[in-house]
Amino acid sequence: MTITVKFFALGRELIGTDTVRINLPADSTIHDALEYIREQYPKVAMLPSFLVACNMQYSEHSTRLQEGD
């Protein structure tokens, strides 16, 4: 499945863009997406903390993702 990840503020500066589209296996979670992002963009580790939202709702890392999220 393909999802779109949007970065804001310092995250956008570290990544170098505000939007990234990534492909993940079906039934992936936010945790899986974060692991992928950490592997592809190691500078993310420089963020002291961050919140995650899925479809404009703050979400837990265990939230299952769907195509197009």
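Just so you know, these numbers come straight off a predicted model, no measurement behind them.
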Using a 3.5 Å cut-off and no angle test, enumerate the donor-acceptor pairs between side-chain atoms of residues 3-23 and protein atoms at least two apart in sequence or in another chain.
from	atom 1	to	atom 2	distance (Å)
T4	OG1	R21	NH1	3.1
N23	OD1	T2	OG1	2.5

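- Between the side chain of S59 and the main chain of Q57, a donor-acceptor pair closer than 3.5 Å is present.
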Under 3.5 Å donor-acceptor pairs involving side-chain atoms of residues 30-45, not counting sequence neighbours:
from	atom 1	to	atom 2	distance (Å)
D32	OD2	T29	N	2.8
D32	OD2	T29	OG1	3.2
E35	OE2	R38	NH1	3.2

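- Under the 4.5 Å side-chain heavy-atom criterion for grouping Ile, Leu, Val, Met, Phe, Trp and Tyr, Y58 is not connected to L47 through any hydrophobic cluster.
- Between M1 and E67 the shortest heavy-atom distance is CA-OE1, 2.9 Å.
- Note that SG of C54 and CG of D69 are 4.0 Å apart. Values are rounded to the nearest 0.5 Å.
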